[in-house]
Amino acid sequence: MRCAIFASGQGSNFQALVEAFQGLKSEIEIAFLFCDQAGAYVLKRAQNLHISAFQFSPTDFSSRQDYEEALVDLCQRHHLDYILLAGYMRLIHQPLLQAYPNRIINIHPSLLPNFPGRHGIRDAYDSGVAKTGVTVHIIDENIDQGKILAQEAVRIDPAWQLEDLETAIHTIEHQLYPQVILELVRKEMNHGKSIN
């Protein structure tokens, strides 16, 4: 299965995925990284990991539609099976959703449906809940509402600062995301079934 990873920032989940799939090219091949932010550290990680990278942003295009159609073209030229979002901070719209239905996977730092959106860790921390966690889900047209593939909880120690919770969440993300993707791909390869 050929996958691309979309990321916008530091890229720790990108690196965790690449490293987890090293030696598994017969099952999962990372075709490229796409980043929408010039100068994002994830681009440096891609260089260090010898992963091809592409970078452009909506401001390079006359419309959001043109931007997304350029993404579809990029993905189709590389014959992708899946798109994995790893800290990609833009909404996915119809051109990509139509081209890759049920084939765009995201990781979100909360136990969805709780704390959707951009600040899931901070929102959970500020709310005072006893636990939060990580969700791997399929992307649809709604923000953080697609079919859930897996979740793992994190109990919040009352003594923790926000940074402690962020560390705990990222540790689980780096383990859970590759595991879920590998299970998904192996199931599809073994049974010829998709996740529709």
Exercise. Would you please test Phe56 and Phe61 for ring pair (Phe, Tyr, Trp, His ring centres under 6.0 Å) and show each step?
Key: CA-CA 9 Å; Phe56 52 82; Phe61 296 83; 5.4 Å; yes
Exercise. Would you please test Glu27 and Met1 for side-chain contact (heavy atoms from CB on, under 4.5 Å) and show each step?
Key: CA-CA 6 Å; Glu27 296 175 279; Met1 295 289 176; over 6 Å; no
Exercise. Check step by step if side-chain contact (heavy atoms from CB on, under 4.5 Å) holds for Glu19 and Phe14.
Key: CA-CA 9 Å; Glu19 290 178 346; Phe14 162 76; over 6 Å; no
Exercise. Could you go through the side-chain contact (heavy atoms from CB on, under 4.5 Å) check for Trp160 and Val154 one step at a time?
Key: CA-CA 12 Å; Trp160 278 358; Val154 175; 4.0 Å; yes
Quiz item: Under the side-chain contact (heavy atoms from CB on, under 4.5 Å) criterion, do Leu149 and His137 qualify, and how do the steps go?
Solution: CA-CA 5 Å; Leu149 299 176; His137 67 103; 5.6 Å; no
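Across every non-hydrogen atom of Ala150 and Leu176, the tightest pair is CB-CD1, 4.3 Å. Residues Ser52 and Ala31 come closest through the heavy atom pair CB-O, 4.1 Å. Taking each heavy atom of Asp140 and Gly146 in turn, the nearest pair found is OD2-CA, 3.5 Å. Across all their heavy atoms, Ala86 and Ala7 have their closest contact at O-CB, 3.2 Å. Of all heavy-atom pairs between Ala38 and Gln55, the closest is N-NE2, 3.2 Å. The two residues Ala46 and Ala53 come nearest to each other via the heavy atoms CB-CB, 4.2 Å.
Ring centroid separation for the pair Phe54 and His78 comes in under the 6.0 Å cut-off. In this structure, Phe6 has its ring center closer than 6.0 angstrom to the ring center of Phe34.
Each of Val42 and Ile83 belongs to its own hydrophobic cluster when Ile, Leu, Val, Met, Phe, Trp and Tyr are linked at side-chain heavy-atom distances under 4.5 angstrom. Note on Ile148 and Ile138: separate hydrophobic clusters, where clusters join Ile, Leu, Val, Met, Phe, Trp and Tyr whose side-chain heavy atoms are under 4.5 Å apart, directly or indirectly. In this structure, Ile107 is not a member of the same hydrophobic cluster as Tyr100, with clusters built from ILVMFWY side-chain heavy atoms closer than 4.5 Å. Ile181 and Leu80 are assigned to two separate hydrophobic clusters, defined by single-linkage of ILVMFWY side chains at heavy-atom distances under 4.5 Å. Val180 and Leu112 end up in different hydrophobic clusters when Ile, Leu, Val, Met, Phe, Trp and Tyr side chains are linked at under 4.5 Å.
Around the CZ atom of Arg2, the shell of radius 6.0 Å holds more than 12 heavy atoms that belong to other residues, nucleotides or ligands.
With rounding to the nearest 0.5 angstrom, the CD atom of Gln98 is 12.5 Å from the NE2 atom of His93. Remark: Gln10 CD to Arg45 CZ distance equals 6.5 Å, nearest 0.5 Å. Atom CD of Gln179 is separated from atom CD1 of Ile172 by 11.0 Å, given to the nearest 0.5 angstrom. Taking CD1 from Ile139 and CG from Leu84, the interatomic distance works out to 11.0 Å, rounded to the nearest 0.5 Å. Distance check: Leu182 CG to Ile28 CD1 gives 4.5 Å after rounding to the nearest 0.5 Å. The CD1 atom of Ile5 sits 7.0 Å away from the CD1 atom of Ile51 when rounded to the nearest 0.5 Å.
No donor-acceptor pair under 3.5 Å is formed between the side chain of Asp126 and the backbone N or O of Asp123. Side-chain atoms of Asp60 come within 3.5 Å of backbone N or O of Ser57 as a donor-acceptor pair. Distance alone, capped at 3.5 Å, places no donor-acceptor pair between the Tyr125 side chain and the Ile156 backbone.
Scanning for side-chain hydrogen bond (donor to acceptor under 3.5 Å, both in side chains) contacts around Asp73 gives Arg77, with sequence neighbours left out. Annotation: side chain to side chain contact (heavy atoms under 4.5 Å, CB included) contacts of Glu166 (sequence neighbours excluded): Ile121, Leu162, Glu163, His170.
Using a 4.5 Å heavy-atom threshold, the side chains of Cys3 and Glu29 count as separate. Proximity of Ile105 to Leu85: side-chain heavy atoms (C-beta onward) are nowhere separated by under 4.5 Å. For the pair Asn114/Thr132, no side-chain contact is recorded, criterion being any heavy-atom separation below 4.5 Å from C-beta on. Proximity of Leu74 to Phe32: side-chain heavy atoms (C-beta onward) are separated by under 4.5 Å at one or more points. At least one side-chain heavy atom of Ser12 sits less than 4.5 Å from a side-chain heavy atom of His174. Side-chain contact between Tyr88 and Ile92 is present, with heavy atoms from C-beta onward closer than 4.5 Å. Using a 4.5 Å heavy-atom cutoff, the side chains of Pro58 and Arg64 are not in contact. Counting heavy atoms from C-beta on, the side chains of Val185 and Leu24 never come closer than 4.5 Å.
Of the N and O atoms on the side chains of Glu69 and Gln65, at least one donor lies less than 3.5 Å from an acceptor on the other residue. Under the 3.5 Å distance criterion, with hydrogens and angles disregarded, a donor-acceptor pair is assigned to the side chains of Ser110 and His108. Side-chain contact of Thr135 with Gln151: a donor-acceptor pair under 3.5 Å is present, judged by distance alone.
The pair Arg103-Glu188 meets the salt-bridge criterion, since a charged nitrogen lies less than 4.0 angstrom from a carboxylate oxygen. In this structure, Arg90 pairs ionically with Asp36, as a charged nitrogen and a carboxylate oxygen lie closer than 4.0 Å.
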